S.K.: 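Got a structure for you, written out below as structure tokens; questions coming shortly.
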Amino acid sequence: MNKTVIKLAIQKKGRLSEKTIELLKNCGIKFISNSSSLKTKAFNFPMEILFLRDDDIPGYVADGVADFGILGMNEIDEKNKNVSIIKKLGFSKCRLSIAVPNDFNYTSIHSLEGKKIATSYPVILKKFLTENNVSAEIHEIGGSVEIAPTIGLTDAICDLVSTGGTLLSNGLKEVEVIYKSESALIGNKNLSPEKQAILDKWMLRIEAVYKAQNNKYILMNVPNSSIEAVSKLLPGMKSPTVIPLREEGWSSVHSVINQDDFWEIIEKVKREGAEGILVCPIEQMIL
Ligand code: AMP
């Protein structure tokens, strides 16, 4: 019997945890997560979940303590460990920006020449400054970076920005976006064939969840004279389903459409005489 279990490291507490747990649940992976446990085992999938600090995850995955990790690209690039990026997951989008006090006379990146910048991301910041030929002093701090200029520690900061609210409430203005981040699934580079096989099964589910999120199931009543025209607009996964209605001369047409084309398609099918259009979410989509 195959007892291989994959170990997935996820953020214990923070901006990524809720969406990460939601993704696992949408993949049909069931487990109990409570705030005090650091490790749990899925009931119905060969996976152990480790709840860790996100900045520790790249190191654990590189060393093989965990096989996989879900975390922000910002931490992956900052830690620069030898891991593979399996899939960008698209949630927890944010940017790493340089911000200065509102009264700082900022004209260009060269306004930072010789200044002190506080950050928790010294590697990404150093790379950016070097690429732009700016020589500034990087002051690494672990958190509450936005306070550094107010307490006289530095002239500027470089930190993650999501809504911009924290900068605003600390009297700072965003002057350079140096990096754009989102969540990603990373993996150890030396996975055993057994673990790779479990990853393949899990990836099938992840892809199904993402495809389902981008698509909608659509049903409508169409006069039979317009079925050809409407079918061309709704190719679906193979072709639309057409079912005759009890009322003579009408059919119900069912298909799947991409979220991005949604409104455009609705307008076109209405012009062809479609009525009673219903749009439903899709839970999983396996091609
Ligand atoms: P906001 O006020 O929404 O711009 O958020 C800024 C604060 O949240 C800063 O203290 C950031 O360090 C932190 N933050 C923003 N986005 C993220 C993220 N995706 N991951 C971790 N921390 C973040």
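Every value quoted in this text rests on a predicted model; they were computed, and no experiment measured them.
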S.K.: Using a 3.5 Å distance criterion without hydrogens, assess whether the side chain of Ser97 forms a donor-acceptor pair with backbone atoms of Ala99.
M.R.: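 No; zero donor-acceptor contacts below 3.5 Å.
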S.K.: Flag yes if Phe91 and Met203 sit in one hydrophobic cluster, no otherwise; membership is Ile, Leu, Val, Met, Phe, Trp, Tyr, and two members link when side-chain heavy atoms are under 4.5 Å apart.
M.R.: yes
S.K.: Within a strict 4.5 Å, meaning less than it, do heavy atoms of the Ile21 and Ser33 side chains meet?
M.R.: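 When only atoms from C-beta onward are counted, Ser33 and Ile21 do touch, with a gap below 4.5 Å.
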S.K.: So which heavy atom on Ile282 is nearest to which on Lys216, and how close?
M.R.: CD1-C, 3.6 Å
S.K.: Would you say that Ile257 contacts Asn215 through its side chain, given a criterion of any heavy-atom pair below 4.5 Å between the two side chains?
M.R.: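 No, too far: nothing below the 4.5 Å cut-off.
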S.K.: Just by modelled atom types, is the Ile117 backbone N or O under 3.5 Å from a matching donor or acceptor in the Thr154 side chain?
M.R.: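 Flag not set: sc Thr154 to bb Ile117 has no pair under 3.5 Å.
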S.K.: Do Ile76 and Ile85 come close enough that some side-chain heavy atom pair is under 4.5 Å?
M.R.: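 SC-SC contact between Ile76 and Ile85 confirmed.
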S.K.: Show, in sequence, the C-alpha distance, side-chain angles and deciding distance for Asp54 and Leu16, and conclude whether the side-chain contact (heavy atoms from CB on, under 4.5 Å) test is met.
M.R.: CA-CA 9 Å; Asp54 59 346; Leu16 285 148; 4.2 Å; yes
S.K.: Has Ile32 got more than 12 heavy atoms of other residues, nucleotides or ligands less than 6.0 Å from its CD1?
M.R.: no
S.K.: Hey, is the main chain of Lys7 close enough, under 3.5 Å, to the side chain of Glu48 for a donor-acceptor pair?
M.R.: no
S.K.: Checking Ser226 side chain against Gly273 main chain: does a donor-acceptor pair fall under 3.5 Å?
M.R.: no
S.K.: So for atom NZ, which belongs to Lys173, do other residues, nucleotides or ligands contribute more than 12 heavy atoms lying within a distance under 6.0 Å?
M.R.: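 It does: Lys173 NZ has more than 12 such atoms within range.
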S.K.: Salt-bridge test for Lys79 and Glu75: reply yes if a basic N is under 4.0 Å from a carboxylate O, no otherwise.
M.R.: yes
S.K.: Linking I/L/V/M/F/W/Y whenever any side-chain heavy atoms sit under 4.5 Å apart, do Ile49 and Leu191 land together?
M.R.: yes
S.K.: Taking the side chain as C-beta and beyond, is there a heavy-atom pair between Leu71 and Ser183 under 4.5 Å?
M.R.: no
S.K.: Please answer: with hydrophobic residues joined when any side-chain heavy atoms are less than 4.5 Å apart, are Val253 and Val256 in the same cluster?
M.R.: no
S.K.: Okay, side chain of Glu182, backbone of Gly90: is any donor-acceptor separation there less than 3.5 Å?
M.R.: yes
S.K.: Taking all non-hydrogen atoms of both residues into account, name the closest pair between Thr4 and Pro46 and its distance.
M.R.: O-CB, 3.4 Å
S.K.: Would you compute the distance between atom CE of Met237 and atom OH of Tyr217 and round it to the nearest 0.5 angstrom?
M.R.: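 Taking CE in Met237 and OH in Tyr217, the distance rounds to 10.5 Å.
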S.K.: State yes or no: do Phe128 and Ile157 share one hydrophobic cluster built from I, L, V, M, F, W and Y residues joined by side-chain heavy-atom distances below 4.5 Å, directly or via other members?
M.R.: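 Per the 4.5 Å side-chain linkage, Phe128 and Ile157 are not co-clustered.
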S.K.: Counting only N and O atoms by type, is there a donor-acceptor contact under 3.5 Å from the side chain of Asp63 to the main-chain atoms of Val65?
M.R.: no
S.K.: For Val61 versus Asp67, what's the shortest heavy-atom pair and its separation?
M.R.: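 Result for this residue pair: CG1-O, 3.8 Å.
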S.K.: Atom CG of Leu160 and atom OG1 of Thr166: how far apart are they, to the nearest 0.5 Å?
M.R.: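 Here the interatomic distance stands at 10.5 Å.
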S.K.: Distance only, no hydrogens: is a donor on one side chain within 3.5 Å (strictly under) of an acceptor on the other, for Tyr179 and Asn74?
M.R.: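 No donor-acceptor contact under 3.5 Å links the two side chains.
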S.K.: If you draw a 6.0 Å radius around CD in Glu248, do more than 12 non-hydrogen atoms from other residues or ligands fall strictly inside?
M.R.: no
S.K.: Less than 4.5 Å apart, side chain to side chain, heavy atoms only: is that true for Leu199 and Ile6?
M.R.: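 When only atoms from C-beta onward are counted, Ile6 and Leu199 do not touch, as no gap falls below 4.5 Å.
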S.K.: Evaluate whether atom NZ of Lys25 has more than 12 neighbouring non-hydrogen atoms of other residues, nucleotides or ligands under 6.0 angstrom away.
M.R.: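 Result for NZ/Lys25: enclosed.
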S.K.: How many angstroms lie between atom CZ of Phe45 and atom CG of Leu24, to the nearest 0.5 angstrom?
M.R.: 10.0 Å
S.K.: Hey, are Lys116 and Asp155 close enough for a salt bridge, meaning a charged N less than 4.0 Å from a carboxylate O?
M.R.: no
S.K.: Between Phe104 and Leu172, is the side-chain contact (heavy atoms from CB on, under 4.5 Å) condition met? List the steps.
M.R.: CA-CA 9 Å; Phe104 187 115; Leu172 298 166; over 6 Å; no
S.K.: Would the distance check show the side chain of Ser120 and the main-chain N or O of Ile141 forming a donor-acceptor pair, the cut-off being under 3.5 Å?
M.R.: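 Side chain of Ser120 to backbone of Ile141, a donor-acceptor pair under 3.5 Å: yes, one is there.
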S.K.: Mind checking whether Leu219 and Cys280 have side chains closer than 4.5 Å, heavy atoms only?
M.R.: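 In contact.
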S.K.: Can you list the steps and then say if Lys201 with Ile198 is a side-chain contact (heavy atoms from CB on, under 4.5 Å)?
M.R.: CA-CA 5 Å; Lys201 280 190 191 167; Ile198 299 173; 5.5 Å; no
S.K.: Which atom pair, heavy atoms only, marks the closest approach of Leu234 to Ser255?
M.R.: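 Minimum heavy-atom contact is O-OG, 3.2 Å.
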S.K.: What verdict does the side chain to side chain donor-acceptor pair (under 3.5 Å) test give for Gln196 and Asp200, after you've listed the backbone C-alpha separation in whole Å, the side-chain angles of each residue and the deciding distance to 0.1 Å?
M.R.: CA-CA 6 Å; Gln196 183 62 48; Asp200 293 344; 3.1 Å; yes
S.K.: Which heavy atom in Asn44 sits nearest to a heavy atom in Gly28, and how many Å separate them?
M.R.: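 Nearest pair, atom of Asn44 first, then Gly28: ND2-O, 2.8 Å.
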S.K.: So for atom NZ, which belongs to Lys127, do other residues, nucleotides or ligands contribute more than 12 heavy atoms lying within a distance under 6.0 Å?
M.R.: no
S.K.: Verify the neighbour count for atom CD of Glu18: are there more than 12 heavy atoms of other residues, nucleotides or ligands below 6.0 Å?
M.R.: no
S.K.: If we ignore hydrogens and angles and just use 3.5 Å, is the side chain of Tyr121 paired with the main-chain N or O of Lys126 as donor and acceptor?
M.R.: no
S.K.: Taking the side chain as every heavy atom from C-beta outward, state whether Val209 and Glu283 have any atom pair closer than 4.5 Å.
M.R.: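 No, too far: nothing below the 4.5 Å cut-off.
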S.K.: Roughly how far, to the nearest 0.5 Å, is the CD atom of Gln213 from the CE atom of Met285?
M.R.: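 Spacing of CE (Met285) from CD (Gln213) equals 12.0 Å.
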S.K.: Grab the two heavy atoms, one from Ile57 and one from Ile70, that are nearest each other, plus how far apart they are.
M.R.: CD1-O, 4.0 Å
S.K.: Short question: side chain of Ser239, backbone of Pro235 - any donor-acceptor pair under 3.5 Å?
M.R.: no
S.K.: Do Asn105 and Thr107 make a side-chain contact, defined as non-hydrogen atoms from C-beta onward lying under 4.5 Å apart?
M.R.: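 Answer yes - side chains close enough.
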S.K.: Walk me through whether Lys87 and Glu207 qualify under salt bridge (charged side-chain N to carboxylate O under 4.0 Å, His left out).
M.R.: CA-CA 10 Å; Lys87 183 177 170 68; Glu207 296 299 350; 3.4 Å; yes
S.K.: Would you check if the side chain of Gln284 reaches a backbone N or O of Asn26 as a donor-acceptor pair within less than 3.5 Å?
M.R.: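 Such a contact is found between Gln284 side chain and Asn26 backbone.
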S.K.: Hey, could you give me the CG/OG1 distance between Leu89 and Thr20, rounded to the nearest 0.5 Å?
M.R.: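 That separation rounds to 7.5 Å.
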S.K.: Look at the aromatic rings of Phe31 and Phe51 and report parallel, tilted or perpendicular, splitting at 30° and 60°.
M.R.: tilted
S.K.: Linking I/L/V/M/F/W/Y whenever their side-chain heavy atoms sit closer than 4.5 Å, directly or via other members, would Ile227 and Trp250 fall into one cluster?
M.R.: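 The answer is no; the residues belong to distinct hydrophobic clusters.
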S.K.: For Lys195, does the NZ atom have more than 12 heavy-atom neighbours from other residues, nucleotides or ligands under 6.0 Å away?
M.R.: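 Enclosed.
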S.K.: Below 4.0 angstrom, N of the basic side chain to O of the carboxylate: do Glu174 and Arg95 qualify?
M.R.: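 So Glu174 pairs with Arg95 through a salt bridge.
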S.K.: What is the distance from atom CD of Glu22 to atom OG of Ser17, rounded to the nearest 0.5 Å?
M.R.: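 So the CD of Glu22 and the OG of Ser17 are separated by 12.0 Å.
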S.K.: Check the pair Leu245 / Ile243 against side-chain contact (heavy atoms from CB on, under 4.5 Å), numbers first and verdict last.
M.R.: CA-CA 6 Å; Leu245 291 191; Ile243 309 165; over 6 Å; no
